[in-house]
Protein chains: 2
Amino acid sequence: MNSELIAAARRFNRTVTQRVGALDDEYMARGRPLAQARLLWEIGPGGAEVAALRARLGLDSGYLSRLLRTLESDGLVTVGPADQVGGDARVRAAVLTDAGRTEWAELDRRSDELAWSILEPLTEQRRERLVAAMAEVERLLIASMVVIEPCLPGDPRARACVRAYARDLARRFDDGFDPALSNPVHDEELVPPAGVFLLATLNAEPVGCGAVKLHRDEPAEIKRVWVADSVRGLGIGRRMLDELERYAAERGWDAIRLETNGNLTEAIAMYRSAGYREIEPYNTEHYAHHWFEKHLAP
Amino acid sequence: MNSELIAAARRFNRTVTQRVGALDDEYMARGRPLAQARLLWEIGPGGAEVAALRARLGLDSGYLSRLLRTLESDGLVTVGPADQVGGDARVRAAVLTDAGRTEWAELDRRSDELAWSILEPLTEQRRERLVAAMAEVERLLIASMVVIEPCLPGDPRARACVRAYARDLARRFDDGFDPALSNPVHDEELVPPAGVFLLATLNAEPVGCGAVKLHRDEPAEIKRVWVADSVRGLGIGRRMLDELERYAAERGWDAIRLETNGNLTEAIAMYRSAGYREIEPYNTEHYAHHWFEKHLAP
DNA sequence: TCATATGCCTGACTAAAGTCAGGTATATGA
DNA sequence: TCATATACCTGACTTTAGTCAGGCATATGA
């Protein structure tokens with residue numbers, strides 16, 4: 001716990017976050033209560049389901065409902081059934097009216113204006129440095145906001161990750177990826193005590209996964225490590241690996257292994273840098289070219 | 001108006017500012033209403049005058065008074081006369097009690113905790129990159145928040161800047177700085193239409209100044225360009241120079257000049273890079289070694 | 001088909017935040 | 001010394017934000 005780093009991060013929180021945040025709110029509000037303005041913004045020109053708004057804004061269901069009624073009576077939005085094909089008839093969605101769209105465009109304009117008012121006083125050179133530093137802060141903060149937690153493999157978010165994982169493999173392997181040709185992994189193998197499925201989420205959205213099987217009298221085995229494109233290059237894969245290893249080590253396993261395809265070069269590089277060394281094949285996985293093992297400190 | 005830069009700044013405002021800001025508030029509040037917690041924090045271990053608190057937090061006078069009563073009745077602060085020597089007996093200051101100091105320390109601790117919770121998930125290397133980028137954003141945002149405006153030379157903030165300017169000169173000149181030996185500048189020469197005094201402020205605190213005298217039938221003359229240490233290296237001096245030149249140019253002057261001491265090397269470099277070229281002495285300023293002039297585009 | 005869960009809703013409430021119009025004591029400039 | 005300004009205060013008020021309990025219609029699993 002380095003106190004100089006902490007002091008710098010605190011200064012940032014205070015000066016940047018509080019001040020720019022307050023400005024942002026001021027620009028956003030324009031007469032209307034902030035909560036309404038934020039909601040209007042979040043609905044956006046494309047509309048949004050009520051549940052999604054609740055999740056994104058973190059609002060109480062009753063409160064959100066009331067806010068929607070207010071916007072509705074101001075003629076800015078209409079709330080109706082979210083007629084997705086074969087959808088749940090309870091689900092409703094908010095859509096902007098023409099007046100709402102005008103209002104939204106105004107918010108958009110003001111948001112641009114605020115951003116420009118920050119950049120404008122600077123020289124061209126400093127503007128570019130500021131924007132570059134902002135992008136760096138943003139990326140690294142996103143990295144730090146990713147949470148890795150155990151999750152049941154049957155969870156819809158877990159399923160979504162595994163599907164994305166399979167799509168990625170199909171795209172990257174020379175001969176595509178047919179799950180039927182690959183060694184199967186059953187859900188119950190990824191539920192404690194047999195193993196675990198870890199889910200990485202960013203603001204409750206799934207952005208990565210990984211699993212470990214705790215084989216009896218054999219090294220533990222890592223499966224399904226996947227990270228969404230949107231958060232690649234932020235060290236999430238490495239953190240996932242660390243968590244999986246820790247899980248196995250804490251339960252008494254002293255070695256862990258995995259197999260991988262030769263086309264996944266970054267993954268292979270990550271395994272090597274994480275201390276994995278290549279071993280002889282320990283199974284007959286159709287799509288595997290490399291087998292790795294690492295000893296775990298107790 | 002570069003729309004890519006704007007888009008990046010907007011993304012930053014949204015993701016970083018809103019999220020970290022919300023976290024910050026949450027950590028700060030700890031049971032107590034946010035406004036009270038913020039006030040307690042702002043009073044700090046050293047205490048603070050009521051007027052200063054009002055300015056820093058941007059609160060209504062009545063509202064602040066009530067907040068102070070609440071903290072007082074909770075036994076966290078005492079509000080009494082701000083007994084500065086020979087001071088205004090109306091001015092009052094808030095001071096933390098022992099209980100208030102304890103509470104403040106707890107806020108301090110939580111603030112550290114929040115900062116660490118942001119850095120902790122990252123690798124050492126990424127932590128350092130994040131902190132460096134945060135510092136860069138902070139500095140450049142500070143630069144962009146500095147406002148340069150005309151101000152009467154008799155304004156206390158202007159006086160404070162001129163005093164700081166004289167102190168700086170005394171420190172940097174080989175033989176100190178005695179205003180009596182220097183060509184005098186009278187207030188009325190720095191009031192329109194004879195000239196102007198510009199004040200640079202950061203959150204209403206004076207951080208720099210500069211003045212121009214509009215001599216009849218002669219080039220305009222720049223005086224008293226000064227920038228506080230706390231905001232040096234952010235291009236404030238250059239902006240000040242630009243504003244002074246603009247002021248003279250807009251009123252019809254086509255040349256502007258200034259004299260400076262040989263020890264002020266960064267200032268001299270700035271003048272040169274801003275297009276000033278050295279000329280023969282146009283006056284007999286005791287402390288001057290160099291005289292510069294620049295032609296102004298109409 | 002029935003118990004239970006879920007998505008969204010309304011009504012009733014509270015707390016926090018903020019505004020405004022004076023009021024008192026002190027300071028200041030003519 | 002007197003009118004006016006200033007620093008802080010109190011009282012009365014409104015708006016915004018947020019919570020909680022329950023209700024209705026639809027979905028879901030046994």
Side-chain angles (χ1 to χ4, degrees), chain A residues 18 21-22 25-26 28-40 42-43 47-74 77-95 154-156, chain B residues 18 21-22 25-26 28-40 42-43 47-74 77-95 154-156:
Chain A
Q18 297 293 350
D25 287 353
E26 223 175 276
M28 186 63 106
R30 60 172 316 239
R32 188 178 305 288
L34 185 56
Q36 279 177 43
R38 275 213 249 265
L39 176 54
L40 186 70
E42 207 61 48
I43 292 170
E49 292 188 0
V50 173
L53 294 171
R54 208 161 45 222
R56 270 186 266 161
L57 294 165
L59 298 177
D60 172 84
S61 153
Y63 184 30
L64 172 58
S65 198
R66 198 169 331 255
L67 286 173
L68 284 170
R69 290 302 85 67
T70 312
L71 290 180
E72 228 172 7
S73 76
D74 287 358
V77 315
T78 53
V79 180
D83 30 36
Q84 10 161 4
V85 272
D88 187 327
R90 291 168 306 179
V91 174
R92 312 229 298 155
V95 180
D155 187 294
Chain B
Q18 298 293 350
D25 288 352
E26 224 174 275
M28 188 61 109
R30 62 168 318 235
R32 188 176 303 289
L34 184 55
Q36 280 178 43
R38 274 214 251 264
L39 176 54
L40 186 71
E42 207 61 48
I43 292 170
E49 294 188 1
V50 173
L53 293 171
R54 207 162 44 221
R56 270 186 265 161
L57 293 166
L59 298 177
D60 172 84
S61 153
Y63 184 29
L64 172 58
S65 198
R66 199 170 330 260
L67 286 173
L68 284 171
R69 291 300 86 68
T70 312
L71 290 180
E72 229 172 5
S73 75
D74 287 359
V77 316
T78 54
V79 180
D83 30 36
Q84 6 159 10
V85 272
D88 187 327
R90 291 167 305 178
V91 174
R92 314 228 298 153
V95 180
D155 186 294

Restricting to non-hydrogen atoms, name the atom on A:Leu64 and the atom on A:Val50 that form the minimum distance, rounded to 0.1 Å. CD2-O, 3.6 Å

Closest non-hydrogen atoms of A:Ala37 and A:Ala29, given as atom of the first, atom of the second and distance, are CB-CA, 4.1 Å

Using the closest heavy atom to pick a nucleotide of DNA chain C for each, name whichever of A:Leu68 or A:Arg90 lands nearer the 5' end.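 Closer to the 5' end of DNA chain C: A:Arg90.
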
Distance, rounded to the nearest Å, where [X] contributes [atom1] and [N] contributes [atom2]:
| X | N | atom1 | atom2 | value |
| --- | --- | --- | --- | --- |
| A:Arg69 | D:dT16 | CZ | C1' | 18 Å |
| A:Arg32 | D:dT15 | CZ | P | 16 Å |
| B:Leu53 | D:dC9 | CG | P | 10 Å |
| B:Leu59 | C:dA17 | CG | P | 10 Å |
| A:Leu67 | C:dT10 | CG | P | 12 Å |
| A:Glu49 | C:dT6 | CD | P | 17 Å |
| A:Asp88 | C:dC8 | CG | P | 8 Å |
| A:Leu64 | D:dT16 | CG | C1' | 16 Å |

OP1 or OP2 of C:dG7 under 4.0 Å from side-chain N/O of A:Ser61: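 For C:dG7, OP1/OP2 do not have a side-chain N/O of A:Ser61 under 4.0 Å.
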
Kindly say if A:Arg54 contacts the phosphate of C:dG7, meaning a side-chain N or O under 4.0 Å from OP1 or OP2. no

[X] side-chain proximity, nearest of [options]:
| X | options | answer |
| --- | --- | --- |
| A:Pro33 | C:dT10, D:dT16, D:dG11 | D:dT16 |
| A:Arg66 | D:dA17, C:dC8, C:dT10 | C:dT10 |
| A:Asp60 | D:dA17, D:dC20, C:dG7 | D:dC20 |
| A:Arg92 | C:dC8, C:dA17, D:dT10 | C:dC8 |
| B:Ala89 | C:dT26, D:dG18, C:dG7 | C:dT26 |
| A:Tyr63 | C:dC9, D:dA17, C:dG11 | D:dA17 |

Which part of the nucleic acid, if any, lies within reach of B:Leu34 when heavy atoms closer than 4.0 Å are counted: base, sugar-phosphate only, or nothing? sugar-phosphate

For the [atom1] atom of [X] and the [atom2] atom of [Y], what is their distance to the nearest 0.5 Å?
| X | Y | atom1 | atom2 | value |
| --- | --- | --- | --- | --- |
| B:Glu49 | B:Arg54 | CD | CZ | 10.5 Å |
| B:Asp25 | A:Gln18 | CG | CD | 5.0 Å |
| B:Leu53 | B:Leu59 | CG | CG | 8.5 Å |
| B:Leu67 | B:Arg38 | CG | CZ | 11.0 Å |
| B:Leu68 | B:Leu40 | CG | CG | 10.5 Å |

Between the first and last five pairs of the helix from C:dT1-D:dA30 to C:dA30-D:dT1, the angle of the axes, rounded to 10 degrees: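 If I round to tens, the end axes sit 30° apart.
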
Toward the 5' end of DNA chain D, which comes first, A:Gly62 or A:Gly31, by nearest nucleotide?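 Between the two, 5'-proximity favours A:Gly31.
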
Can you pull out every salt bridge (Lys or Arg N to Asp or Glu O under 4.0 Å) where at least one residue sits in residues 55-72 of chain B? Sequence neighbours excluded, please. B:Glu42-B:Arg56, B:Arg69-B:Glu72

